[in-house]
Structures are given as structure tokens and as C-alpha cells.
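What follows is a short report on a single structure.
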Amino acid sequence: MGLLDVLLGRSKPVRPDLDQLFGLSSAAITLQAASELRPTGEGAVCFAAVEGGAFAEIQQDLHSLLSVETSQDTYGYTWLLSRRDPSEITDLVTDLHAVNSALEAGGFGPQLLCSLVAFRDPQGRRMALVYLYKRGSFYPFAPLPGEKRDHALELQVRALVANDLRLEADLARWFPVWGAPGLAG
């Protein structure tokens, strides 16, 4: 970052820190203690797929090592979904970390978009804690039917997990992840 960047108020982008994903385990404990939200045992990594043998080989390795499921959303992004018993949140987070790390180590870090861990309450409300790879931060996403959001729940969750996760301060970057695996109704 140069002097001109400082004078113009530009900041250096935050580098992704995949170890931040491990904070999801403590955030899950916080949510269970302070609310009725419980992990569903589902988590996913979203990325922009690329053509080529190296990328296909990484995906094949991930499928054989972690037994993840692949899907594509309506926007053309690829999702790798991991399913675990809801009590195995640490193992789920380790799976997500492994997927992100493998793609990053293979030179495909720029294709990584986000990762999420899904939660549900007894009333059926759904919510995910989403990690924005390029921002190195988390935000809650609570979908409602008709591609609407439960903003009150999102803000409540933000307050609850503020000490567990590096949260995205810019609410405009709390992007919806409609139809994400693990959040289906």
C-alpha cells in the first residue's frame, strides 16, 4: 500500500484467514446457549468452478476424502456440501476448512466465494453463518419464503456471536445466498 492509497483513503484488502472458520465451533455453542438455534450438521463451500485437469483432480480428491456432495446454484456457482451429525460441529468445520484449504493450495483461492454452516430452531426458522472468503469476515443470513430475509434474526445472531467471530461490519456485504445447500426448506 502506497502513500497515494493512504491519502485517498484506500485500505489494503483483508487477506482471507481460513483459521477463522474454526470460530464457528464456539459460535455454535454460543447460539445453543443463548438461543434456540442448533446446528443442522450441514455446511457448504461455494466457488466459481473453472475448467481444467488440476481443478477436476482437486474436486475428485475432496469427494473421495470427505464424501461431499456437489451441486450448482441458479447463478452457476458450485457448492460442495458436507453433512455430519449435528453434534459433530467441529468435524463439519474441519471439512469446510479442508475444502477451502485444498482449493487455495491448488491456486484456486480467487475462485472461493463463501462457506456456511446451517442452523435451525424448533419453529423451523433457518439461518446460516456465512464466511466471506475475500473479506475474511462472517455474517448471519436468515432466509424466509419468497426470497425475503429475517433481518431481526440476523441482527440478533450478530449480537450473540460478536465475541466468537470476526463479523462483517458493512451490512451491504451481507449477501443473500438463496438456495444454498443446507438452507433448503
Side-chain angles (χ1 to χ4, degrees), residues 14-47 58 61-71 78-105 108-109 112-143 149-150 152-171 173-177 180-184:
V14 174
R15 284 200 25 85
D17 178 5
L18 293 179
D19 288 344
Q20 291 287 320
L21 289 170
F22 292 112
L24 287 165
S25 297
S26 62
I29 292 168
T30 299
L31 287 174
Q32 289 179 61
S35 74
E36 293 185 298
L37 290 164
R38 304 286 182 263
T40 64
E42 296 178 321
V45 176
C46 181
F47 55 93
I58 290 171
D61 289 346
L62 289 169
H63 280 278
S64 62
L65 292 172
L66 302 174
S67 71
V68 291
E69 302 167 26
T70 301
S71 64
T78 301
W79 290 86
L80 291 179
L81 174 70
S82 178
R83 295 180 197 268
R84 294 282 187 156
D85 184 273
S87 66
E88 298 175 337
I89 186 72
T90 301
D91 293 333
L92 178 65
V93 170
T94 301
D95 289 352
L96 299 180
H97 188 275
V99 170
N100 279 284
S101 296
L103 290 170
E104 190 177 67
F108 300 105
L112 286 166
L113 301 174
C114 69
S115 297
L116 64 82
V117 171
F119 295 81
R120 186 178 307 267
D121 70 10
Q123 294 77 38
R125 291 188 305 173
R126 299 168 291 136
M127 189 279 302
L129 289 172
V130 181
Y131 178 73
L132 287 173
Y133 182 81
K134 289 175 177 42
R135 302 279 296 177
S137 59
F138 292 87
Y139 66 92
F141 172 66
R149 295 172 77 163
D150 187 339
L153 179 58
E154 291 175 357
L155 295 174
Q156 175 190 9
V157 169
R158 176 181 70 172
L160 291 173
V161 299
N163 293 327
D164 298 309
L165 302 172
R166 180 189 305 156
L167 294 172
E168 176 57 50
D170 183 357
L171 273 61
R173 295 200 181 264
W174 289 21
F175 303 114
V177 285
L183 281 178

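Computation of the quantities below employed the complete heavy-atom set of this structure, encompassing side-chain atoms and omitting hydrogens, waters and symmetry-equivalent molecules.
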Closest non-hydrogen atoms of L18 and H97, given as atom of the first, atom of the second and distance, are O-CD2, 3.2 Å
Taking all non-hydrogen atoms of both residues into account, name the closest pair between L24 and V93 and its distance.
-> CB-CG2, 3.7 Å
What are the two closest heavy atoms between A180 and W79, and how far apart are they?
-> CB-CH2, 3.7 Å
Is the backbone N or O of S137 less than 3.5 Å from a side-chain atom of E168, with the two atoms forming a donor-acceptor pair by type?
-> no
Determine the minimum heavy-atom distance between G182 and L81, stating which atoms define it.
-> N-CD1, 4.2 Å
Results of ring pair (Phe, Tyr, Trp, His ring centres under 6.0 Å) for F175 - residues two or more places apart only = none
Evaluate the ring planes of W174 and Y139, with Trp represented by its six-membered ring, and classify them as parallel (under 30°), tilted (30 to 60°) or perpendicular (over 60°).
-> parallel
For A102, enumerate each residue passing the side-chain contact (heavy atoms from CB on, under 4.5 Å) test, keeping only those at least two apart in sequence or located in another chain.
-> I58, L62
Please tell me if the side chains of T90 and F22 come closer than 4.5 Å, counting only heavy atoms from C-beta onward.
-> no
Mind checking side-chain contact (heavy atoms from CB on, under 4.5 Å) for P176 and listing every partner two or more places apart, or none if nothing turns up?
-> F141, R149, W178
Any salt bridge (Lys or Arg N to Asp or Glu O under 4.0 Å) involving residues 21-38? Give me the pairs, sequence neighbours left out, ordered by first then second residue.
-> none
Let me have the donor-acceptor pairs involving side chains of residues 155-162, under 3.5 Å, with sequence neighbours excluded, atom names and distances please.
none

Sequence neighbours left out, what passes side-chain hydrogen bond (donor to acceptor under 3.5 Å, both in side chains) with N100? Give chain and number order.
-> S115
Using the test side-chain contact (heavy atoms from CB on, under 4.5 Å), find all partners of A118 that sit at least two apart in sequence or belong to another chain.
-> T40, L183
Can you sort out the partners of E69 under salt bridge (Lys or Arg N to Asp or Glu O under 4.0 Å), two or more places apart, ordered by chain and number?
-> R83
Applying side-chain hydrogen bond (donor to acceptor under 3.5 Å, both in side chains) to R125 and not counting sequence neighbours gives D121
Residues L92 and S82: closest non-hydrogen pair is CD1-O, 3.5 Å
Sorted by chain and residue number, the side-chain hydrogen bond (donor to acceptor under 3.5 Å, both in side chains) partners of D85 (sequence neighbours excluded) come out as S87
What is the minimum heavy-atom distance between S26 and D164, and which atoms define it?
-> OG-OD1, 3.5 Å
Check the pair V45, V68 against side-chain contact (heavy atoms from CB on, under 4.5 Å), reporting the backbone distance first and the verdict last.
-> CA-CA 10 Å; V45 176; V68 291; over 6 Å; no
Just jot down the side-chain contact (heavy atoms from CB on, under 4.5 Å) partners of A28, sequence neighbours excluded, or say none.
-> Q32, P39, I89, F119
Go through the structure and list residues passing side-chain hydrogen bond (donor to acceptor under 3.5 Å, both in side chains) with T70, not counting sequence neighbours.
-> H63
Taking the side chain from K134 and the backbone from L112, do they hold a donor-acceptor pair closer than 3.5 Å?
-> yes
Check the pair F47 / L80 against side-chain contact (heavy atoms from CB on, under 4.5 Å), numbers first and verdict last.
-> CA-CA 9 Å; F47 55 93; L80 291 179; 3.7 Å; yes
